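See below for the structure under consideration.
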Amino acid sequence: MDYGIAETSLGLLLAAVSDKGLCAVLLGDAEAPLLAELKRRFPREALVPGGTAGNQALEMLIAMLAGRECQEVLPLDERGTLFQRRVWEELRRIARGETISYGELAARIGRPRAPRAVAGACAQNPLAIVTPCHRVVGKNGRLGGYYWGVERKRRLLEQEGGSC
DNA sequence: CTGGGTGAGAGAA
DNA sequence: TTCTCTCACCCAG
């Protein structure tokens, strides 16, 4: 698979693409930790920097951050359990600027008593931004957590609410 | 504020 | 395989 890295308003953004589709979108402050995480998630893959597909995905993600809603166009190579994919699929149906609670999301996938499990699935989401796990917040106004830092979550929501 | 009920995943043995 | 621990939750006291 090949990948590309670019600087964005949220810090460094890494996109990795396999022969099946987009398989990782990571955020971070420095290049080395990003690469380490990519390698940790795909230990057996050969990682090729600066590939065409990776850079193409990067461009799309940056356009998305700028306000364009062009997801679903490129194939996704999601690796996860059935339950996780169910959660991620539901996440992608949340509109830009909209937020729901973990309990609500759990109810939507038919598991109303499993908000904690849903949170766990969100934490494992390999495709930041494409799968908008940042649009899930706690029920009583609590922001909840975010794998790449609550600060990034807050800024993502701010920027989505304002510029569409 | 605290405590307990949750479902699913990761890791040990 | 099972057992145990860990949660980005949520509601009742």
Side-chain angles (χ1 to χ4, degrees), chain A residues 1 3 5 7-16 18 20-45 47 57 61-62 64-65 67 69 71-72 75-164:
Chain A
M1 72 171 66
Y3 65 90
I5 298 182
E7 179 74 31
T8 72
S9 57
L10 297 166
L12 287 182
L13 179 71
L14 182 152
S18 73
K20 292 190 213 144
L22 184 64
C23 61
V25 176
L26 314 176
L27 291 165
D29 297 317
E31 194 167 324
L34 278 179
L35 279 178
E37 168 136 14
L38 185 63
K39 192 154 190 154
R40 182 178 65 76
R41 291 174 103 114
F42 304 97
R44 334 196 93 201
E45 299 272 354
L47 308 176
L61 288 164
I62 290 170
M64 239 197 250
L65 280 174
E69 197 75 38
Q71 60 205 51
E72 312 273 359
L76 305 180
D77 179 16
E78 285 185 324
R79 312 187 181 183
T81 66
L82 187 63
F83 178 82
Q84 286 170 334
R85 283 209 280 265
R86 193 82 174 285
V87 171
W88 299 338
E89 185 183 345
E90 195 64 36
L91 280 170
R92 266 180 248 116
R93 309 187 64 211
I94 305 177
R96 199 182 164 78
E98 181 188 350
T99 61
I100 67 173
S101 70
Y102 293 93
E104 168 67 17
L105 181 52
R108 286 191 189 181
I109 63 172
R111 294 252 152 33
R113 294 277 127 186
R116 297 188 73 166
V118 166
C122 292
Q124 302 302 316
N125 164 39
L127 302 175
I129 308 194
V130 177
T131 302
C133 52
H134 57 276
R135 293 183 191 147
V136 188
V137 299
K139 185 136 205 210
N140 295 354
R142 300 187 284 261
L143 192 55
Y146 192 55
Y147 182 75
W148 286 288
V150 186
E151 175 61 19
R152 284 202 178 92
K153 184 175 188 174
R154 216 198 73 241
R155 288 175 57 187
L156 268 168
L157 292 175
E158 258 179 25
Q159 140 180 2
E160 289 190 346
S163 63
C164 187

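Worth saying up front: this structure is predicted, and the values here are computed from it rather than measured. The analysis underlying the following values was restricted to heavy atoms, covering all of them including side chains, and did not include hydrogens, waters or symmetry mates. Below, chain A is the first sequence line, B the second, and so on; all start at residue 1.
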Check: Are any non-hydrogen side-chain atoms of A:Glu90 and A:Arg93 less than 4.5 angstrom apart?
Finding: yes

Margin query: Quick check: do A:Glu45 and A:Ser18 have side-chain heavy atoms less than 4.5 Å from each other?
Written below: no

Next item on the list: Between A:Asn125 and A:Arg113, name the one whose nearest nucleotide on DNA chain C is closer to the 5' end.
Entry: A:Asn125

Next item on the list: Answer whether the closest heavy-atom distance between the side chains of A:Gln159 and A:Leu65 falls below 4.5 Å.
Entry: yes

Next item on the list: Would you kindly give the CZ-to-C1' distance between A:Arg111 and B:dG5, to the nearest whole Å?
Entry: 17 Å

Next item on the list: Identify whether the distance between the nearest side-chain nitrogen and carboxylate oxygen of A:Glu89 and A:Arg86 falls below 4.0 Å.
Entry: no

Check: Reckon A:Thr81 has a side-chain N or O less than 4.0 Å from the OP1 or OP2 of B:dA8?
Finding: no

Notebook entry, point to check: What are the 5'-most and 3'-most nucleotides of DNA chain C lying under 4.0 Å from any heavy atom of chain A?
Noted result: C:dC7 to C:dC11

Notebook entry, point to check: Just checking A:Ala114: base, sugar-phosphate only, or nothing, at a heavy-atom cut-off of under 4.0 Å?
Noted result: sugar-phosphate

Check: Counting only N and O atoms by type, is there a donor-acceptor contact under 3.5 Å from the side chain of A:Lys153 to the main-chain atoms of A:Val136?
Finding: yes

Notebook entry, point to check: Are the side chain of A:Arg155 and the backbone N or O of A:Ser9 linked by a donor-acceptor pair below 3.5 Å?
Noted result: yes

Margin query: Base, sugar-phosphate or nothing for A:Gly103? Non-hydrogen atoms, less than 4.0 Å.
Written below: sugar-phosphate

Next item on the list: In whole angstrom, give the distance that lies between atom CZ of A:Arg116 and atom C1' of B:dA8.
Entry: 11 Å

Note to self: Using whole Å, what does the distance between atom P of nucleotide B:dA8 and atom CH2 of A:Trp88 come to?
What the structure shows: 15 Å

Checklist line | Strand DNA chain B as a dot-bracket string - pairs counted if Watson-Crick or G-U with both distances under 3.5 Å, | where the partner lies in another strand | finding: |||||.|||||||

Check: Base, sugar-phosphate, or nothing: which does A:Tyr102 touch, judged by heavy atoms less than 4.0 Å apart?
Finding: base

Only distances under 3.5 Å count here; give the side-chain donor-acceptor pairs of residues 117-125 of chain A to other protein atoms, sequence neighbours excluded, each with its distance to 0.1 Å.
unit_1	atom_1	unit_2	atom_2	d
A:Asn125	OD1	A:Leu127	N	2.9
A:Asn125	ND2	A:Leu127	O	3.3
A:Asn125	ND2	A:Thr131	O	3.1

Check: So, A:Glu37 and A:Arg40, do they make that salt bridge, N to O below 4.0 Å?
Finding: yes

